[in-house]
Amino acid sequence: MALLTVEHLTMKFGGLVAVNDFDLALEKNEIVGLIGPNGAGKTTVFNMIAGYYTPTEGAIRFQGSSIAGQKANRITKAGIARTFQNIRLFSELSVIENVMIGYHCRIRSTFLGATLRFPLYRREEKMMVEGAMNLLREVGLEDVAREMSTSLPYGKQRRLEIARALATGPQLLLLDEPAAGMNANETQDLLQLILKLRKDYNLTVFLIEHDMKFVMEICERLKVLDYGTTIAEGTPHEIQNNPRVIEAYLGEVQRA
Amino acid sequence: MELTFFLQQMINGVALGSLYGLIAIGYTMVYGIIRLINFAHGDVMMMGCYFAYFGILMFSLPWWASFAVALLLTAALGVLMDKGAYLPVRNAPRISALITAIGVSFLLENLGLVVFGGRPKGFETPDMFNEVYEVAGLMFPALVLWTPLLTLAILGIILLIIYRTKTGRAMRCISHDMETTKLMGVDVNRIISITFAVGSAAAAAGGIMWAMRYPEINPLMGIIPGFKAFVAAVLGGIGNITGAMLGGLLLGIAEILLVALMPELAGYRDAVAFGLLILILLFRPTGLMGTKLPD
Amino acid sequence: MDPNHLRNQILSIAGTVVLLALLYVANTQGSDYTIRILNNIAIFIILAVSYNLINGVTGQFSLAPNAFVAIGSYTSALLTLTPMEKEISFIIEPCIWPLSVITLPFIVSLVAAGVVAALLALLMGFPVFRTRGDYLAIVTLGFGEVVRVIANNTQSITNGPLGLKGIADFTNIWWAWGFAIITVFLIGRMIRSSYGMAMKAVKFDQAAAEAVGINTYWHKMLAFTTSAFFQGVGGGLLAHLITTISPVLFTFFLTFNLLIIIVAGGLGSTTGAIIAAILFTWGGEALRFVEEPMDLGFIDIPGIPGMRMVIFSVILVLIMIFARQGLMGTREFNWNWVCRKLGIGGRS
Ligand SMILES: Nc1ncnc2c1ncn2[C@@H]1O[C@H](COP(=O)(O)OP(=O)(O)O)[C@@H](O)[C@H]1O
Ligand SMILES: [Mg+2]
């Protein structure tokens, strides 16, 4: 059974059809890419899967149960974590706190237990700190753990956001333009990182990205959106040679 | 219930509601243009009353001249408030602007206490408004009939400004998209000040009629009508001027009817506005601001 | 997590002991006036630190602390007044049963004050947290007003506008400061726990908080009810300090005072709230002279009530324009910093 299935997903904003009849089936451990020109509706697809928008029509099933229209925090707890196109870190928290907070939704300590620091909370706090440190090590940020998250350079902020998402214990990771604003070296590191994370955490990855080299290299399958409609899907090789895609998407890149 | 009694109460409600509406216009214009709940708006209204009071009493102006001067002075006060307190926090977080507004509100109230004294002052109502008319067998104080008429006239003038002048067009542009309007070379800060001036003058007009109704004034008189007018603005869809007026009317009528039909609940009259506000927000939780969604 | 944890804990305990010793000296040597100001400071610390929890830490701009203080005051006063006193006070309508016959110990009445305030917050929270930002501010303001309207009108419970008189003056320096220390300790710990971190996350970025699985609604509720609990307790202490309460005590004016304190201290900083509560209470006393009649020899200035509030309002506006961070921003007192400044090294 597929990990995530999406059927006939449609999102309308007033008269604008941002996403139209979108279908998707993600198998466990896949890395699938979603590409398309700006404004094609890619982020809107993420927002529907992650619970930020209630789809106008369509079904979303995660591990067999319907999640369309559920609250974002519930969906995160169910095992879908995301990053944002415009990085959204907690600006006045330190790097490690940004990651620790990802564990908060999983602790069993009650409000009172945490305030009074009962033994259970002490254990869980220790687990949060250690887990966060591990994740920071994993993404190469352990040496800046105590710094303020906003003092980090752009590329590191992106990786911190990924670490924060991982702290929630996801099975499916949604990455919205993870390589945006990175240079070629950083992009290459990111690519290796995502592959490693998939292996270490047994992840399924669904990502949006404009960097074609990156997408073609990392994704096993691609879907292409244009004006909300899926115009192509297949392996990177098939997509590269699809005339409709070249017209809609690669054409735009050349124009720009 | 007797029909005449009902009619009488309705007309009272309309008169009271017009006042809420007049004050609500200032809230709604300012919110529409810079998304600020001008907490001090009710107190601006109070200042308008004192201007009129001193015009009549100290400078022995005829009442209409004193009212006109009061409107002008209140408009000037609105501009001063904008330039002195709100302009410096224009680009600060919204909450900072709200705190500033709360500060300005307390400043005006306490300046009022210091300068005018805490004791209420009797407000001299011009004779013309004191007469009692008989219409279709019902007796009405002239004020109750004049209030809606004057209100309608003021509303008309404001709508004309907004829909028929260049300044009004600029206001509408700013409320739609301040940054773009700025880029088009409009002096945004000037337009915002004018908005404050117009809204404040309308509040003064409402306040003066309020003062004639009771007829006394005190430095804290703006608080309750200010809050209710805000609710009226929300009822009417904040940013919408005609809506604010309708919201005011609805609230005024609701209050008067509550007291008329259930006199034992008269003490809860001031809670009506709030009950309405909660109801609206239950059905439209984001108020009328919309939500900011991630991308 | 912190290698200096043990040292810091010892320093905190030592600091508390020193504070208690100073209070003891003040209590035995100080004038009534000094003791009254100290009591006021303690109560304002309780109110400000708990107000800061919802407004500063969680970023939900409530304007209803006056409602919770009022509920707390009335609850605890009604529970400690004797049946006889109630019979004398309630002249228009008799006090309803069972309130009319109950008398409970002070401490029980304080806890009850907190619990009732927290329950009210829970009820209010449902509609209130469907809104955000300045709408939330207005709705809570309205709730505060309604509580006052109800206090004015439920004659047989609150004795209406007459209020309650002859409340026993149980609140002394130990009750007031005892609860202030407990409040700061508990709220401080709460903020440092992962629940506190989640509340900060809600303040900084609600969408991102949801993305990490935080139930934003629930965390706002937790902050709101916790804050209301301590405001209720503070209200109970206040009632037994001033011994006479009536609805006019709990207008928006009270909220305004607390707002100045937390804004001046730095929205989000407990330390700032404490410092500002001290400065505000002490400063308010020190500024009393501006409202008193003055005889400058050649000219007599009559007393000007309201002058202090003019000054405070101007300060508030100036803070917003020139020093939005207040005294502390969102920083907190910590021993590591103090030790570094004093040149005492620690492990790092
Ligand atoms: N909350 C919203 N309200 C109205 N329109 C929206 C909203 N979110 C996205 N859109 C519109 O939907 C379209 C798709 O946007 P988006 O999904 O962000 O595109 P992409 O991520 O592919 O660049 C755009 O035209 C955008 O303006
Ligand atoms: Mg996008």
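Letters go in sequence order (proteins before strands), and every chain restarts at 1. Only heavy atoms go into these numbers, but all of them, side chains included; no hydrogens, no water, no symmetry mates.
Distance OG/Ser194(C) to CD1/Ile107(A): 3.5 Å, rounded to 0.5 Å. Atom OH of Tyr217(C) and atom NZ of Lys71(A) lie 8.0 Å apart (nearest 0.5 Å). The structure places CG of Asn215(C) at 4.5 Å from CG of Asn73(A), a figure rounded to the nearest 0.5 Å. Between the CD1 atom in Ile87(A) and the CG atom in Asp205(C) there is a gap of 12.5 Å [rounded to 0.5 Å]. Note that SG of Cys105(A) is 12.5 Å distant from CD of Glu210(C), once rounded to the nearest 0.5 Å. Rounding to the nearest 0.5 Å gives a distance of 13.0 Å between CE of Met221(C) and CZ of Phe111(A).
Counting non-hydrogen atoms of neighbouring residues, nucleotides and ligands closer than 6.0 angstrom, the CH2 atom of Trp337(C) reaches no more than 12 such neighbours. Around atom NZ of Lys28(A), more than 12 heavy atoms belonging to other residues, nucleotides or ligands sit under 6.0 Å away. For Lys126(A), the NZ atom is loosely surrounded, since the number of other residues' heavy atoms within 6.0 Å does not exceed 12. Residue Arg74(A) qualifies as open at atom CZ: its count of foreign heavy atoms under 6.0 Å is 12 or below. Within 6.0 Å of NZ on Lys77(A) lie no more than 12 heavy atoms contributed by other residues, nucleotides or ligands.
Thr76(A) contributes a side-chain N or O that, together with a main-chain N or O of Ala211(C), makes up a donor-acceptor pair within less than 3.5 Å. Between the side chain of Tyr195(C) and the backbone N or O of His104(A), no donor-acceptor pair lies under 3.5 Å.
Contact annotation for Tyr121(A): only side-chain heavy atoms (C-beta onward) come within less than 4.5 Å of a heavy atom of chain C. Contact annotation for Ala165(A): neither backbone nor side-chain heavy atoms come within less than 4.5 Å of a heavy atom of chain C. Contact of Arg117(A) with chain C is made through backbone and side chain together, with heavy-atom distances under 4.5 Å. Heavy-atom distances place the side chain of Thr168(A), and not its backbone, under 4.5 Å from chain C.
Of all heavy-atom pairs between Phe204(C) and Phe90(A), the closest is CD1-CB, 3.9 Å. Annotation for Ala208(C) and Phe84(A): closest pair CA-CE1, 3.9 Å, computed over non-hydrogen atoms. Residues Ala201(C) and Ile101(A) approach most closely at CB-CD1, 3.4 Å, considering heavy atoms.
Per-residue heavy-atom pair counts under 4.5 Å with chain A were compared for Thr330(C), Leu186(C), Thr226(C), Val212(C), and the maximum is reached by Val212(C).
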**Asked** Under the side chain to side chain contact (heavy atoms under 4.5 Å, CB included) criterion, do Glu92(A) and Arg331(C) qualify, and how do the steps go?
**Response** CA-CA 10 Å; Glu92(A) 285 179 42; Arg331(C) 281 165 301 165; over 6 Å; no
